[in-house]
Chemist: 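Before anything else, here's the structure in question.
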Amino acid sequence: DNHWSYEEPERWGEHYPACLGNKQSPINIETEKTIFSPELQPIQLSGYSLPASKKFKLKNNGHTVVLDLPESMAITGGYAQQYRAKQLHLHWGSPTTAGSEHTINRKRFAAELHVVHYNTKYENFKVALGYPDGLAVLGVFLEVGPRENPYYEEIIKHLHEIQGEDEEVMVPGFNITGLLPDSLHLYYRYNGSLTTPPCFQSVMWTVFNQTVMLSHDQISVLVTSLQYDHGKPLQNNFRPTQALHKRWVLASFE
Ligand code: BO1
Ligand code: ZN
C-alpha cells in the first residue's frame, strides 16, 4: 500500500479512486471568499504536554516524518465533537522552494505541520476514516524567522537518526502546544480529505491563521535530512492544491 510518491500526484487516482473526489485537500484559501462564522470557538486542547519521562516513536515512513501521539491527547473545543490525537507529521519543500500544502491567496509557506486526530465516537482511527466527520487535522504554516524554535528542535535534532525510509527512533516527550501558533482562536475551517493516498474524504480541517517561525538552519535541516527509496532526497512532499468545487471555507474571525 506504499507504491505512491510525490513524483506523480496526478496519477494517485489510478490506484486510489477517492483521490478523484470533489472534497479533496489541500486547497488554496482565498481569504476574501471565506465566511465569518461566530460559531467557530477557539481550539482547546488537552494532554498536549507530553512527559519527558516517556518516549514516543519518530519515524521516516518514506513520505514524511511522523511522531506517534498518545490517546491521552485530545481536541476538547472548537469542534462539535471530541477528537483524540493519533500522530503529527510535516510537509516541506526544498532548499530553494516553499512546501506547505495549503496556500493562502496562492502564497505557499516554507512548510506545514499536521496534527491528526480522530473522532472519539468511532472505535479507532481506521473506522473513523470511513466518515466525513471522522478526522480533525490541525494545520500550521511554518516560516523562516530570526530564532531557533526550541519545540521544533525536539523533532529536528533527531532527523539524522532516521535518514532512511522506515527508520525510527524513540524520542522524549515535550510540549506539543509549542508547535502551534500563539492564538488558537484564529483559523479557517473546511471539509476535505487526507492529502495523501488513500485521499479519504474524512477530514474536518482547521488551518490556523497565525504562522510559526523556525530558524533558517532548522528549515534547512528539515528539508535535507530524510531520504526515501534507497537514497532519493525526501523533498517537496506536498500535494498540489485541489479544486474547491461546491465547498465554502469558514473563518473564525472577521
Ligand atoms: S494528512 O494529514 O491529510 N496529510 C494525512 C494523510 C494521510 C494519513 C494521515 C494524515 N494517513 C493515515 C494512514 C493510516 C495510518 C494513519 C496514522 O495515517 O492512511 O494507515 O494509520 O498514522
Ligand atoms: Zn499531512
Side-chain angles (χ1 to χ4, degrees), residues 1-6 9 12-13 15-19 21 23-29 43 56-71 73-75 79 83-93 98-103 108-120 122-142 152 155 162 165-166 168 176 179-180 187-208 212 222-223 226 228 234-242 247:
D1 182 53
N2 244 12
H3 66 286
W4 62 270
S5 84
Y6 285 99
W12 290 353
H15 286 96
Y16 305 95
C19 300
K23 283 177 38 174
Q24 289 292 290
S25 296
I27 59 167
N28 174 50
I29 297 173
I43 298 294
F56 301 88
K57 191 202 299 177
L58 186 73
K59 179 173 180 175
N60 171 352
N61 68 9
H63 307 298
T64 184
V65 52
V66 187
L67 180 66
D68 282 357
L69 298 174
E71 298 207 330
M73 276 176 64
I75 303 175
Y79 282 90
Y83 288 82
R84 252 194 284 278
K86 177 72 175 173
Q87 50 108 321
L88 64 78
H89 63 269
L90 294 148
H91 301 266
W92 57 84
S100 69
E101 295 218 289
H102 291 91
T103 57
R108 194 176 298 283
F109 294 85
E112 187 172 330
L113 168 74
H114 290 159
V115 191
V116 182
H117 305 72
Y118 68 95
N119 196 319
T120 57
Y122 302 118
E123 299 83 88
N124 57 49
F125 183 88
K126 272 244 165 71
V127 171
L129 278 174
Y131 297 88
D133 62 355
L135 304 191
V137 183
L138 306 180
V140 180
F141 294 121
L142 311 188
Y152 280 87
I155 295 171
I162 54 169
E165 179 167 348
D166 288 335
E168 52 189 64
I176 302 296
L179 302 176
L180 304 181
Y187 61 86
Y188 299 104
R189 167 70 48 78
Y190 78 98
N191 295 320
S193 74
L194 300 177
T195 65
T196 70
C199 304
F200 293 154
Q201 296 182 154
S202 51
V203 182
M204 299 183 72
W205 277 96
T206 294
V207 177
F208 288 108
V212 172
L222 173 65
V223 308
L226 301 189
Y228 72 103
L234 178 44
Q235 293 179 339
N236 299 311
N237 59 348
F238 61 92
R239 185 188 196 189
T241 55
Q242 303 293 301
R247 290 179 288 179

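As the structure lists them, so they are numbered: ligands from 1, and atoms in each ligand from 1.
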Chemist: For the 3.5 Å polar cut-off, considering only N or O atoms, please tell me whether Thr196 and ligand 1 meet it.
Modeler: no
Chemist: Determine whether any heavy atom of Lys126 lies closer than 4.0 Å to an atom of ligand 1.
Modeler: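 No.
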Chemist: Apply side chain to side chain donor-acceptor pair (under 3.5 Å) to residues Tyr122 and Asp133 and explain how you reach the verdict.
Modeler: CA-CA 10 Å; Tyr122 302 118; Asp133 62 355; 2.6 Å; yes
Chemist: Run Tyr190 and Ser25 through side chain to side chain donor-acceptor pair (under 3.5 Å) and show every step you take.
Modeler: CA-CA 10 Å; Tyr190 78 98; Ser25 296; 2.7 Å; yes
Chemist: Given the rule in the side chain to side chain contact (heavy atoms under 4.5 Å, CB included) test, do Leu142 and Leu90 qualify, once you have shown the distances and angles that lead to the verdict?
Modeler: CA-CA 10 Å; Leu142 311 188; Leu90 294 148; 3.8 Å; yes
Chemist: Less than 2.8 Å away from the Zn ion (ligand 2), how many protein N/O/S atoms can be counted, ignoring water?
Modeler: 3
Chemist: May I ask whether Trp205 places a heavy atom under 4.0 Å from ligand 1?
Modeler: yes
Chemist: Within the 4.0 Å heavy-atom shell around Leu194, which atoms of ligand 1 are there?
Modeler: 3 (O), 5 (C), 6 (C), 7 (C), 8 (C), 9 (C), 10 (C)
Chemist: Hey, can you tell me if His89 and His114 have their rings parallel, tilted or perpendicular (30° and 60° cut-offs)?
Modeler: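 Perpendicular, since the angle between the ring planes exceeds 60°.
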Chemist: Quick one: does Glu101's side chain have a donor or acceptor within less than 3.5 Å of a partner on Gly99's backbone?
Modeler: no
Chemist: Report yes or no: do Tyr79 and Thr206 form a side-chain donor-acceptor pair below 3.5 Å?
Modeler: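 Yes.
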Chemist: Return yes when Val66 approaches ligand 1 closer than 4.0 angstrom through a heavy atom, no otherwise.
Modeler: no
Chemist: With a 4.0 Å heavy-atom cut-off (strictly under), which part of Val116 contacts ligand 1: side chain, backbone, both or neither?
Modeler: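 Looking at Val116 and ligand 1, just side chain atoms fall under 4.0 Å.
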Chemist: Hey, is ligand 1 close enough to Lys86 that some N/O pair sits below 3.5 Å?
Modeler: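 No, no N or O pair falls under 3.5 Å.
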Chemist: Mark up the atoms of ligand 1 that fall under 4.0 Å of a heavy atom belonging to Gln87, in ascending order.
Modeler: 9 (C), 17 (C), 18 (O), 22 (O)
Chemist: With heavy atoms of His91 as the reference, note each atom of ligand 1 found under 4.0 Å away.
Modeler: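 Near His91, meaning under 4.0 Å from one of its heavy atoms, ligand 1 has 4 (N).
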